[in-house]
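By convention here, the first residue in the shown sequence is residue 1.
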Amino acid sequence: MRASTHLQGVDVSERVENRSEDQAAPATKAGRRLAAQLAEKKAAEARRRRQSMLGAAAGVLAVVALVGGLVWLNSGDDDKPAGNASAASPSAPADQVEPSAPPAPELPANIDPALKTKPTVKPGTGELKKLTVTTLVKGTGPAVKAGQTITTNYVGVFYKDGKQFDASWDNGQPATFPIGVGQVIKGWDQGLVGVPVGSRVQLDLPAALAYGDKAEGGRPAGPLRFVVDVLAAQ
């Protein structure tokens, strides 16, 4: 009886252990499957990230290649002969167009030949008390109006000794300015309005209508004499 009981005890213990192992085995298998699924998911995510990075890199390389091609084409245009530039290139942008020179003043068709040479200006005589306008050559153009812009050649000398202090002839080009609106000395504003275009006039200015008796900044002082050619008025 004892031996049988012992054997039965052994059998019960072994059955209990076997059941425990059988129960643990499914749990272990399920854990392995879950781990395998997680590993596969991580691998798939890593592959997607690599593909995204490769796609972005390919896009960047494509943009770089496109820009490089455009630069190469532009450099090729610079090497083309100048004779083909107008045919192969579009017109220059507006901000690169060189400004055109102002139109030349329209001179009278029958301008007096005397106005084509610099005049000789002599000193005045006596005391100059008021503006004196003397016509040396009478033009055939319209009379100058206040507010117009006139183009002139002139010679300026000191009234008393005839010494020259200024001349547009020596500067290489005529002088253009508004007249009758306070942009020049009073003697010019008063003496040139009404003068026909194409005229040469002599203006004798007292100091009050010129730069004064004590002019500063290199300006001529005292009474002055100008010989002015009125070439155009607009």
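- Each of V133 and V227 belongs to its own hydrophobic cluster when Ile, Leu, Val, Met, Phe, Trp and Tyr are linked at side-chain heavy-atom distances under 4.5 angstrom.
- A donor-acceptor contact shorter than 3.5 Å is absent between the side chain of N171 and the backbone of Q173.
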request  = Decide yes or no on side chain to side chain contact (heavy atoms under 4.5 Å, CB included) for V157 and K163, but give the supporting numbers first.
outcome  = CA-CA 5 Å; V157 302; K163 183 178 179 180; 5.9 Å; no
request  = For T176 and T149, run side chain to side chain contact (heavy atoms under 4.5 Å, CB included): C-alpha distance rounded to whole Å, both residues' side-chain angles, the deciding distance at 0.1 Å, then the answer.
outcome  = CA-CA 7 Å; T176 300; T149 296; 3.3 Å; yes
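- Using modelled atom types, no side-chain atom of D229 and backbone atom of L231 make a donor-acceptor pair closer than 3.5 Å.
- The salt bridge (charged side-chain N to carboxylate O under 4.0 Å, His left out) check on D170 picks up K118, with sequence neighbours excluded.
- Residues G180 and D189 share a closest heavy-atom pair of N-OD1, 2.5 Å.
- Between S199 atom OG and L115 atom CG the span is 8.0 Å, to the nearest 0.5 Å.
- Note: the hydrophobic cluster containing V144 also contains W188 (ILVMFWY, side chain heavy atoms under 4.5 Å, direct or indirect links).
- Linking Ile, Leu, Val, Met, Phe, Trp and Tyr residues whenever their side-chain heavy atoms come within less than 4.5 Å leaves W169 and I111 in two separate clusters.
- Nearest heavy-atom pair, Q202 versus D204, reported as atom, atom and distance to 0.1 Å: NE2-OD2, 3.5 Å.
- The hydrophobic cluster containing L203 does not contain V121, counting ILVMFWY residues as joined when their side-chain heavy atoms lie under 4.5 angstrom apart, directly or transitively.
- Aromatic ring pairs are classed by plane angle as parallel below 30°, tilted from 30° to 60° and perpendicular above 60°; the pair F165 and F226 is perpendicular.
- A distance of 14.0 Å separates CZ of F158 from CZ of R225, quoted to the nearest 0.5 Å.
- A continuous path of hydrophobic side-chain contacts links Y211 to F177 [ILVMFWY only; heavy atoms under 4.5 Å].
- Exactly one of L192, T134, T152, L136 qualifies for a side-chain contact (heavy atoms from CB on, under 4.5 Å) with V201. That residue is L192.
- Within the model, atoms NZ of K160 and CG of L128 stand 10.0 Å from one another, a figure rounded to the nearest 0.5 Å.
- The two residues P123 and G162 have their closest heavy-atom pair at CB-N, 3.3 Å.
- Closest heavy-atom contact between P196 and G141: CB-O, 3.5 Å.
- Remark: I185 CD1 to R219 CZ distance equals 10.0 Å, nearest 0.5 Å.
- The ring-ring contact (aromatic ring centres under 6.0 Å, His included) check on Y159 picks up nothing, with sequence neighbours excluded.
- Of the possible donor and acceptor atoms, one in the side chain of S168 sits under 3.5 Å from a partner among the backbone N and O of Y154.
- The two residues I179 and K145 come nearest to each other via the heavy atoms CG2-O, 3.7 Å.
- Counting all heavy atoms, side chain and backbone alike, A210 lies closest to G222 at CB-O, 4.3 Å.
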inquiry  = As a quick check of understanding, evaluate side chain to side chain contact (heavy atoms under 4.5 Å, CB included) for D112 and R200, giving each step before the final call.
reply    = CA-CA 9 Å; D112 193 294; R200 170 174 286 179; over 6 Å; no
